[in-house]
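Worksheet: one structure, shown below.
Residue numbers start from 1 in every chain, and the chains themselves are labelled A, B, ... in the order their sequence lines are given, proteins ahead of strands.
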2 protein chains.
Amino acid sequence: MPRSPSKTRPITIKDVAQLAGVHASTVSRALNPATRSMVAQDLAASILRAAQKLGYQPDHLAASLRTGRSLLVGVLLPDIANPVFAPILSGITERLIEDGYSTIVADAGPGAPSATTLLDGLIAHRVDGLVLATATRDDALVGRCLERNVPVVLVNRAEAQARVSAAVSDDMRGMQLAVDHLVGLGHRRIGHIAGPPTLSTGLLRLRGFEAAIRDQDTPLESFSQSATAYSREAGAEAAGRLLAAAPQITAIVAANDLLALGAYDALRERGLRCPEDISVVGHNDMPLMDLVAPALTSVRIEHRAMGREAAELLVQRMRRADASTRMVMLTPRLVVRGSTAAPRPEQR
Amino acid sequence: MPRSPSKTRPITIKDVAQLAGVHASTVSRALNPATRSMVAQDLAASILRAAQKLGYQPDHLAASLRTGRSLLVGVLLPDIANPVFAPILSGITERLIEDGYSTIVADAGPGAPSATTLLDGLIAHRVDGLVLATATRDDALVGRCLERNVPVVLVNRAEAQARVSAAVSDDMRGMQLAVDHLVGLGHRRIGHIAGPPTLSTGLLRLRGFEAAIRDQDTPLESFSQSATAYSREAGAEAAGRLLAAAPQITAIVAANDLLALGAYDALRERGLRCPEDISVVGHNDMPLMDLVAPALTSVRIEHRAMGREAAELLVQRMRRADASTRMVMLTPRLVVRGSTAAPRPEQR
DNA sequence: GAGCACGCGGCAATCGGTTGCGAGACCGAA
DNA sequence: TTCGGTCTCGCAACCGATTGCCGCGTGCTC
C-alpha cells in the first residue's frame with residue numbers, strides 16, 4: 001500500500017539531505033555538534049537551516065542501534081507509592097537530563113512482575129545504565145547487571161559487598177542523632193523498631209542504634225523488634241510487640257517514618273499518649289511529617305540530593321567504564337518536633 | 001580495535017540461528033508467539049532451546065526500528081514531588097506493563113526544561129504514546145502531539161476542547177459532596193480556596209463549588225479566592241485573603257489537600273481553631289491525610305484507578321488509531337474526618 | 001503419474017542514523 | 001609544474017531484528 005500522501009510522514013535525515021543537496025552522512029555530521037567541525041561552516045549552516053525548515057526531529061532510536069547508546073537510563077523502584085521515592089526519582093531525572101538521558105521507571109511494587117523480569121525488560125530497551133533502589137543486602141540483580149555489563153549504581157540502599165557505587169544516607173550517624181537527642185532529654189530505656197533485616201537500611205539502622213546506645217556515657221536499657229516491612233501496619237504490629245516485651249520503655253526510635261506512624265497507631269490503641277507517655281523518633285522526614293499529630297521528630301534525609309548523587313555516580317560510570325566505585329554518604333540531621341519530650345519524673 | 005574476546009558480546013538472533021542451524025529470520029519467527037505458527041513445531045522448540053541455552057535476550061531497540069513500535073510510553077508530569085502523582089504513575093505503569101509497555105517519565109517540575117522540550121525528547125525516543133498530566137486547559141502540547149501523530153491521553157486534568165481522551169475525577173460532583181456535607185452540618189457561609197484558574201481542576205472545582213452552592217435549598221453566602229499554585233504556601237496565602245475578605249465564614253472548601261493544609265497554617269497563625277471556629281474540607285485525600293491534626297475531611301479520588309483508566313484509554317488508542325475519544329470520569333466520595341463539625345450556635 | 005496447493009524456511013531489503021574509508025579538490029612548497 | 005598534505009564530503013557498511021517474497025519439497029487429488 002503506498003503511503004497516503006496526506007499523512008505527514010516523519011521527516012528523516014534523508015529529506016534534509018535532499019533539500020540541502022548533500023549526502024545524508026553530511027547532514028548527520030552537521031547536526032551533531034561533536035562532528036560539526038568536519039563540515040565546512042557555511043554548508044553546515046545551510047544544512048541546519050534546511051533541517052529547521054522541514055521541522056526535522058532526530059530519531060534517537062535509529063541512532064542508538066548504530067552507536068550502542070540509547071540515552072535511556074532505567075530506574076528500578078521497590079514501590080512508587082512510598083513517598084520517599086518521589087524526591088529520589090526527581091533528583092535522579094533532574095541530574096540525568098543534564099547529560100541528555102531520559103529515565104525509564106519500573107515499579108516493583110505490589111502486583112507488579114518480579115524485579116528480575118522488570119530488570120530484563122529495562123535491559124531489553126538497551127538502557128545505558130541503571131539505578132537500583134531495590135537492592136537488598138546481597139542482591140542478585142546487581143550480579144545480573146554486572147554480567148550483562150550494564151553500568152549500575154544503587155540509591156538509598158547499599159549492598160553487603162560493595163561491587164558498585166551507591167548513594168546512601170549515613171544511617172549510623174542518623175541513629176546516633178536520634179539516640180543522643182533522647183538521652184539528652186533524659187530517656188534511659190529506649191526501644192527500636194527495626195526495618196526488615198534483609199534491607200541494608202534495616203540492618204544498618206539497627207546496628208547504628210545499638211552502637212549509639214553503647215557509645216553513651218550513661219548506661220542504657222535498649223530493646224528492639226523488627227518490622228516485616230516498611231509500612232504503617234507493620235510498624236503498628238512491631239510496636240505492639242515492643243511494648244509487650246518491654247513495657248518500661250519511655251521512647252521509641254523507628255527505622256522509618258511510616259514505622260513511626262504505625263507506632264502512633266499502636267500507642268493510641270493502647271491508650272498511651274505521645275510524647276507524654278512515650279516519645280517517638282522517625283527516620284526520613286517525609287513530607288507532611290510536620291503536620292501529623294504530634295508533629296514527628298525525625299532524622300531528615302535529603303532524598304532529592306541523594307537521587308542527584310546517584311545519578312552523578314552513574315553518569316561518571318557511563319562515561320568511563322573504569323570509573324572507581326564509590327559510596328557517597330549524605331549526612332542526615334535531626335529535626336526536632338513535638339513527638340519527643342523528657343520522660344515524666346516517675347518514669348525515670 | 002577488535003573486540004576483546006573475553007568481554008562477553010551480547011547474544012544476537014544470529015548467534016541463536018547459528019547454534020540452531022537455521023536462518024536468523026526463522027529464529028525471529030519462532031521467538032515471536034504471533035508468528036510461531038509459521039515454523040514447524042519441533043524446529044521452533046529446538047530454536048527456543050538454543051535461545052535458552054545461549055541466554056538470548058531480545059533487543060527491543062533494533063526491533064523498534066523496523067516495526068515502528070518502541071513499546072515505550074512517555075508520561076509527562078507537572079511535578080513528581082506532588083504526592084498525588086505517585087499513585088497515578090503507579091496505576092499507569094501497572095496497566096501498561098500488561099501490554100508490554102515501559103514508561104519513560106519526564107518531570108516538568110521546578111528547575112526542569114520546558115514541557116515542550118521534554119515532550120520533544122520523549123517523541124525523539126519514538127514513544128508509542130503519551131500520557132500528559134500537565135495539560136492546562138488549552139494546551140499547546142496536545143496540538144504538538146496531534147500534529148506529530150502520536151497517540152495521547154490526559155490524566156487528572158482535561159482540556160477545554162476535548163480533542164483527546166482523558167481520565168479525570170468528577171470535580172463537579174466532588175464539590176457537591178463537600179458542600180452538601182457542610183450544609184448538612186449547618187454551615188451557611190462557606191468559602192472556597194480555588195486552584196489556579198488555568199488548570200482544568202482549578203476551574204472545574206470552582207464551577208462545581210458555585211453550582212453546589214446554587215443547588216442548595218437554603219440560601220447561602222459564598223466567597224472564593226484563587227491560589228496561585230497547588231501548594232501549601234499558596235493555600236495559606238489564599239486562605240489569608242479569604243479570611244480577610246469574608247471573616248464571617250464558618251467553613252472552607254479547598255480545591256486540593258495541599259491548599260487545605262495551607263489553610264490550616266493560616267488559621268493557626270490567626271489563632272483560629274479547626275474545626276471549632278472553621279471547618280475545612282480538602283480534595284484528593286492524599287496519603288496521611290488521616291494523620292494530620294485535625295484529620296482532614298477530604299474528597300477522595302482514586303488516583304491509582306485514574307492512572308489505570310488513562311493507560312487503558314491510551315492502549316485502546318494505540319491499538320486502533322480511530323478509537324473513539326472518550327472522557328472517563330471517576331466518581332469521588334467524601335471521607336469525613338475531624339476537620340469538619342457543626343458551626344458553633346453563635347456563628348449561625 | 002502429473003499437476004497443484006500449501007506448509008515451511010531462506011534471502012534480502014528495510015528501518016534511520018552513524019562512521020570508517022577513500023576520492024577529489026585545493027593549497028602551498030619545492 | 002609537480003608532489004604532498006589537508007580539508008571536505010560521498011559511498012557504503014553497519015547496528016539487530018522484522019517481514020515480503022520466493023523457492024523448495026511434500027503430499028494430495030484427479
Taken to the nearest whole Å, CD/Gln18(A) to P/dG16(C) is 14 Å

For a quick check of understanding: with a heavy-atom distance under 4.0 Å over all strands, which category does Leu43(B) fall into, base, sugar-phosphate or nothing? sugar-phosphate

Which of Arg157(A), Arg163(A), Gln161(A) passes side-chain hydrogen bond (donor to acceptor under 3.5 Å, both in side chains) with Glu159(A)? Answer is Arg163(A)

Atom CG of Asp42(A) and atom C1' of dC9(D) are separated, to the nearest Å, by 13 Å

**Message:** Just by distance, no angles: are the side chains of Ser28(A) and Ser25(A) close enough, under 3.5 Å, to form a donor-acceptor pair?
**Reply:** no

Check your understanding: Would one find more than 12 heavy atoms of other residues, nucleotides or ligands at under 6.0 Å from atom CD of Gln57(B)?
Key -> yes

Practice item. Using a heavy-atom cut-off of under 4.0 Å over every strand shown, decide if Arg126(B) touches base, sugar-phosphate, or nothing. Key: sugar-phosphate

Between CG of Leu71(A) and C1' of dG17(C) the distance, given in whole Å, is 13 Å

The nucleotide from dC9(D), dG17(C), dC15(C) with an atom nearest the side chain of Thr12(A) is dG17(C)

Atom CD1 of Ile11(A) and atom C1' of dC15(C) are separated, to the nearest Å, by 16 Å

(request) Determine, stepwise, if the pair Ile97(B) / Leu118(A) fulfils side chain to side chain contact (heavy atoms under 4.5 Å, CB included). (result) CA-CA 9 Å; Ile97(B) 211 168; Leu118(A) 291 171; 3.2 Å; yes

Test side-chain hydrogen bond (donor to acceptor under 3.5 Å, both in side chains), reference Arg308(A), set His303(A), Glu302(A), Glu98(A), output is Glu98(A)

Here the distance between atom P of dG16(D) and atom CG of Leu61(A), to the nearest Å, is 14 Å

Heavy atoms of other groups near Arg36(B) CZ, more than 12 under 6.0 Å
yes

Checklist entry - Under 4.0 angstrom, heavy atoms only, what part of the nucleic acid is Ser37(A) near: base, sugar-phosphate, or nothing? => result sugar-phosphate

Just call it for Val27(B): base, sugar-phosphate, or nothing, with non-hydrogen atoms closer than 4.0 Å on any strand.
nothing

Atom CD of Gln41(A) and atom P of dC9(D) are separated, to the nearest Å, by 11 Å

Between NZ of Lys14(B) and P of dT18(D) the distance, given in whole Å, is 13 Å

Separation of dC15(D) atom C1' from Leu65(A) atom CG, nearest Å, is 4 Å

field: More than 12 heavy atoms of other groups within 6.0 Å of Gln18(B) CD
entry: no

For nucleotides 18-25 of chain C, 5' to 3', base contacts (B), sugar-phosphate-only contacts (S) and non-contacts (-) with protein non-hydrogen atoms under 4.0 Å give BBB-----

